[in-house]
Amino acid sequence: MMKIMSVFGTRPEAIKMAPLLKCLTKDPVVTSIVVTTGQHREMLQQVLNDFAITPDFDLAIMKKNQTLAEITTAVLTKLTPLLIEQKPDCVLVHGDTTTTMAASLAAFYQQIPIGHVEAGLRTWDKYSPFPEEANRQITDTIADFYFAPTERARHNLLISHCAPEKIFVTGNTVIDALHYTVKPDYHHDLLAKLPTEHRMILLTMHRRESQGVVMEKAFQAIRQTVDQNPDVEVVYPVHLNPNVQKAAHAILQGHPRIHLIAPLDMVDFHNFMARCYFIMTDSGGVQEEAAALSKPVLVLRNETERISGVKTGSLKLVGVAPKAIQNAMNELLHDPIEYANMCHAKNPYGNGSASEKIDHILRRSLKK
Ligand code: UD1
Ligand code: UDP
């Protein structure tokens, strides 16, 4: 038997680890231990409910408006005794959050092998996204198995001097998750209420480097563009980060065609994506899901580590300048050829078998 401990703490990590946990649980030679750091509370619980996952351990670290130093130290301090007690053969982490980086560091200090799911994403700018680019580079420096979603991610790992025999291109587990969630007969009261001739734009925005004036100006640009386009509705499930809540409510509230709602359960969010006209986001995971659902995305960031989606054409890197946001929205709303091209772009993130591949690789590599 091999003991695999999966550690995650935020909504996107949970969504992308859940399909893999399902595989590991079914594998007769694996004892799967699930640890949540609780970096997120409500938004993590939503995903655990959706996938019916009960963690074996919850480090429950979340505090209101937590700092990066607080998250890092809490994860290191609380995870270390658990690693010593449980002695896993491998610790799995996902992506680029502070939970990812701190859990990897805790495992490294105990000399426990680390498997990094969604390894190799890069912008090469340590402040953008902040602190995620540094988190993933640190994790890749100390990891032992790299599960890269694309060939481009493999290339990034190779030029970062990661051992080639430890890199496996698997596709992205987020595509696996979509198989569980998108339903043709889905119903939601808000969607049913929107006039059928109107076009719905799904919006999310939460990144740390955009919070403050940049985010406020972006929201003003979006509000003005909605005013100019009477057949447009915006649905924005607002992230629970207090800085994001404040800006969203101050600038976007009170418009009859802008709907600020609580974070959606994953199943609802995926079905909203499947039914929207296009998406505007600074999220990482949403950029990948949208490509698989053939939905155009305007990326509200100055760079993206999801270059594959830009190359295939489903993502457009818009930036955060108000004029650029307005131009990009109007182009997609008024140029049907451009819109169709973005809808028909190829999905570069695999066919939904990433979790099975990772399970097989771990089984082969950790066999005693
Ligand atoms: C974190 C990750 C980011 C990821 C995002 C996904 C870091 C540094 N950032 O950013 O990479 O894209 O999650 O959503 O790891 N809050 C709640 N309830 C929740 C979740 C958050 O109240 O369920 C509030 C708390 O006040 C918390 C704040 O949001 O302190 C910020 O949470 P935090 O995890 O530090 O940052 P995110 O912006 O969520
Ligand atoms: N998501 C969700 N509910 C929402 C908004 C997003 O379940 O209201 C999901 C979305 O489908 C994607 C993930 O959350 O899988 C993205 O998480 P987030 O944007 O918080 O983080 P990032 O991917 O930017 O790290």
Side-chain angles (χ1 to χ4, degrees), residues 8-19 36-51 60-72 74-75 93-103 118 121 129-136 139 172-178 180-182 188 190 202-211 215 235-246 259-274 276 279-290 292-293 295 297 299-301 304-306 349:
F8 52 89
T10 67
R11 169 171 71 188
E13 295 165 80
I15 291 175
K16 291 168 169 185
M17 286 299 275
T36 62
T37 63
Q39 178 179 335
H40 281 177
R41 191 180 301 134
E42 300 84 353
M43 286 163 54
L44 179 69
Q45 193 55 49
Q46 285 181 296
V47 185
L48 298 177
N49 294 346
D50 274 341
F51 282 103
I61 66 161
M62 197 193 93
K63 288 188 188 159
K64 193 161 190 263
N65 249 331
Q66 57 207 2
T67 65
L68 299 175
E70 283 169 338
I71 306 171
T72 307
V75 172
V93 294
H94 176 278
D96 54 19
T97 71
T98 296
T99 282
T100 315
M101 184 275 293
E118 200 180 271
L121 272 62
F130 174 80
E132 290 81 4
E133 176 68 11
N135 283 343
R136 55 197 174 216
T139 303
N172 195 311
T173 55
V174 81
I175 308 299
D176 312 17
L178 289 171
Y180 291 88
T181 52
V182 177
H188 191 285
L190 173 58
L202 188 59
L203 169 67
T204 79
M205 195 166 184
H206 71 81
R207 301 231 82 83
R208 262 185 164 75
E209 67 272 14
S210 297
Q211 287 167 21
M215 191 174 274
V235 174
Y236 180 5
V238 188
H239 192 291
L240 294 181
N241 190 317
N243 301 330
V244 180
Q245 287 277 335
K246 194 168 150 227
H259 310 274
L260 299 183
I261 57 174
L264 286 166
D265 288 353
M266 177 195 59
V267 173
D268 292 312
F269 191 78
H270 285 178
N271 282 286
F272 272 54
M273 284 177 87
C276 73
I279 296 160
M280 299 177 69
T281 192
D282 64 0
S283 159
V286 174
Q287 294 177 53
E288 294 150 351
E289 293 163 343
L293 293 169
K295 293 295 172 178
V297 181
V299 182
L300 303 177
R301 292 167 55 177
T304 178
E305 55 289 297
R306 274 81 177 176
Y349 299 110

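Counting starts at 1 for both ligands and their atoms, in listed order. In this text, all values refer to a predicted model and were calculated from it rather than measured experimentally.
- No donor-acceptor pair closer than 3.5 Å links the side chain of D176 to the backbone N or O of P19.
- When atom types are taken as modelled, the side chain of D265 and the backbone of V267 share no donor-acceptor pair closer than 3.5 angstrom.
- Looking at H206 against ligand 2, only its side chain comes within 4.0 Å, counting heavy atoms.
- Listed for the E305 side chain is no donor-acceptor partner under 3.5 Å among the backbone atoms of E133.
- Contact annotation: for L264 versus ligand 2, heavy atoms closer than 4.0 Å belong to both the backbone and the side chain.
- Which of Q245, H206, H239 comes nearest to atom 12 (O) of ligand 1 through a heavy atom is settled by distance: it is H206.
- N241 ND2, 3.2 Å is the protein heavy atom nearest to atom 38 (O) of ligand 1.
- Between H270 and ligand 2, an N or O atom pair is found at a separation short of 3.5 Å.
- The main-chain N or O of R207 is found under 3.5 Å from a side-chain atom of D282 such that the two form a donor-acceptor pair.
- Note: an N/O pair closer than 3.5 Å links R207 and ligand 2 by distance alone.
- Protein heavy atom at the shortest distance from atom 16 (C) of ligand 2 is S283 OG, 3.6 Å.
- Shortest contact from atom 8 (C) of ligand 1 to any protein heavy atom: T98 OG1, 3.1 Å.
- The two residues P263 and Q46 come nearest to each other via the heavy atoms O-NE2, 3.0 Å.
- In this structure, the side chain to side chain contact (heavy atoms under 4.5 Å, CB included) partners of A290, at least two apart in sequence or on a different chain, are M273, I279, K295, V297.
- Residue G285 places at least one N or O, backbone or side chain, under 3.5 Å from an N or O of ligand 2.
- Nearest to atom 18 (N) of ligand 1 among the protein's heavy atoms is E42 OE1, 2.7 Å.
- Between T10 and ligand 1, not a single N/O pair is under 3.5 Å apart.
- In this structure, Q46 falls outside the shell of residues with a heavy atom less than 4.0 angstrom from ligand 2.
- Scanning the protein for heavy atoms near atom 34 (O) of ligand 1, the closest one is Q39 NE2, 2.9 Å.
- When hydrogens are left out, the protein atom nearest atom 7 (O) of ligand 2 is M266 CA, 3.3 Å; that is the closest non-hydrogen contact.
- Scanning the protein for heavy atoms near atom 24 (O) of ligand 2, the closest one is G284 N, 2.8 Å.
- Regarding atom 39 (O) of ligand 1, its nearest protein heavy-atom neighbour is H40 NE2, 2.6 Å.
- In this structure, atom 11 (O) of ligand 2 lies nearest to the protein heavy atom E289 OE1, 2.8 Å.
- The closest approach between any non-hydrogen atom of M273 and ligand 2 is not below 4.0 Å.
- Only the side chain of E132 comes within contact range of ligand 1, with a heavy atom under 4.0 Å; no backbone atom does.
- For atom 4 (C) of ligand 2, the closest non-hydrogen atom on the protein side is R11 NH1, 3.2 Å.
- Q211 places a side-chain N or O within 3.5 Å of a backbone atom of H206 that can act as its donor or acceptor partner.
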